[in-house]
Amino acid sequence: MEKGERKKVTVATLYKMEERGEKITFLTCYDYPTALLEDEAGIDIILVGDSGGMTVLGYETTLPVTMEEMIILTSAVTRAVKYAFVVGDMPYMSYQISIEDAIRNSGRFMAVGCDAIKLEGGARVQDTVRAIVKAGIPVMGHIGLTPQSYTQLGGFKVQGKTADSAKALVEDAKALEDAGVFSILIECVPAKVGKLITENVSVPTLGLGAGADTDGQIVIVHDMIGFFAKFRPKFVKQYCNLTEILLNAFKSYVEDVKSGEFPKPEHFYKISKEELEKIGVIVKE
Ligand code: KIV
């Protein structure tokens, strides 16, 4: 192997990055062409999130997302990715009913090429996490704002804003670490709470709106490329406005077809003069 040749990211790679203080880059993805680009750009972890239910399938929340839908989206991503560490997101009710269900459904993500799975919850999912890890599947925890329980949390709200709730989040993170997670995603908490949780666990933490002191950062790809016009959270930095670019392209296409500007001869397939003459077409030069 040549020096500097890029290698597949593994759990060990992520631990080493955390150890040397190198920030871990993490993005969601739900389709083949975007996965090719994210992988080429050098993203360390790709999450096929159930947020895809909202960003690409058009649901209002993540609750209607099924295992079947997740497996279709995930397979498209894993077919594209060579280097990034791919995490499959367990949808609502794929791990809450029984540990047996949780292991079976985790296994379905691994069977389509994932490197790990993610599920939501802290201490309350400790036994489930332990069982999945025991089955040989790496698990990423997810605490803070956990969208699958948004009704229980009173809406999509910042978590950990009181001393009690911040302490509970630290306990949740410790419970997950004790159950064997290889990393913890922390969503929507004050920056100081993101730091506190990070200091209290030894596994890498990945923040989504959790400040700058987590070991890595994740955002939802549609938010950072401006491709989800319905809503953009405060913590997202938008790198381009794909909505505007695509809308202009679609409008130009409509105008061009209506006006005859498209297609032009350079877009045509050709047939020879001789062949046309054989079918009785008079060819004018
Ligand atoms: O589904 C998802 O994209 C997530 C994010 C909130 C990180 O879990």
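Whatever order the structure lists ligands and atoms in, that order sets their numbers, starting from 1. Counting begins at 1 with the first residue of the sequence.
- Glu199 CD: more than 12 foreign heavy atoms inside a 6.0 Å radius.
- Asp89 and Lys118 are joined by a salt bridge, as a carboxylate oxygen and a charged side-chain nitrogen come within less than 4.0 angstrom of each other.
- Salt bridge Lys192/Asp213: absent, no basic N to carboxylate O contact under 4.0 Å.
- When each atom of ligand 1 is checked for a heavy atom of Leu185 under 4.0 Å away, the hits are 7 (C).
- At a heavy-atom distance under 4.0 Å, only side-chain atoms of Leu47, from C-beta outward, approach ligand 1.
- Not a single donor-acceptor pair under 3.5 Å links the side chain of Thr146 to the backbone N or O of Ser149.
- Under 4.0 angstrom from ligand 1, the non-hydrogen atoms of His142 all belong to its side chain.
- Criterion: ILVMFWY side-chain heavy atoms under 4.5 Å apart, direct or through other members. Under it, Leu206 and Ile43 are part of a common hydrophobic cluster.
- Contacts with ligand 1 closer than 4.0 Å are made by heavy atoms of both the backbone and the side chain of Asp50.
- Ion pairing between Glu40 and Arg6 fails under the 4.0 Å rule for side-chain N and carboxylate O.
- The contact set between ligand 1 and Ile218, taken as ligand atoms under 4.0 Å from a residue heavy atom, comprises 7 (C).
- Interface of Glu187 with ligand 1, defined as ligand atoms under 4.0 Å from a residue heavy atom, comprises 6 (C).
- Within ligand 1, the atoms closer than 4.0 Å to a non-hydrogen atom of Lys118 are 8 (O), numbered from 1 in the order shown.
- Heavy atoms of Glu120 come nearer than 4.0 angstrom to ligand 1 in no pair at all.
- A donor-acceptor distance shorter than 3.5 angstrom exists from the side chain of Thr243 to the backbone of Gly226, with no hydrogens or angles considered.
- Distances below 4.0 Å separate heavy atoms of Thr28 from the following atoms of ligand 1: 3 (O).
- Every atom of ligand 1 is numbered from 1 in the order shown, and the set under 4.0 Å from a heavy atom of Gly49 is 1 (O), 2 (C), 3 (O).
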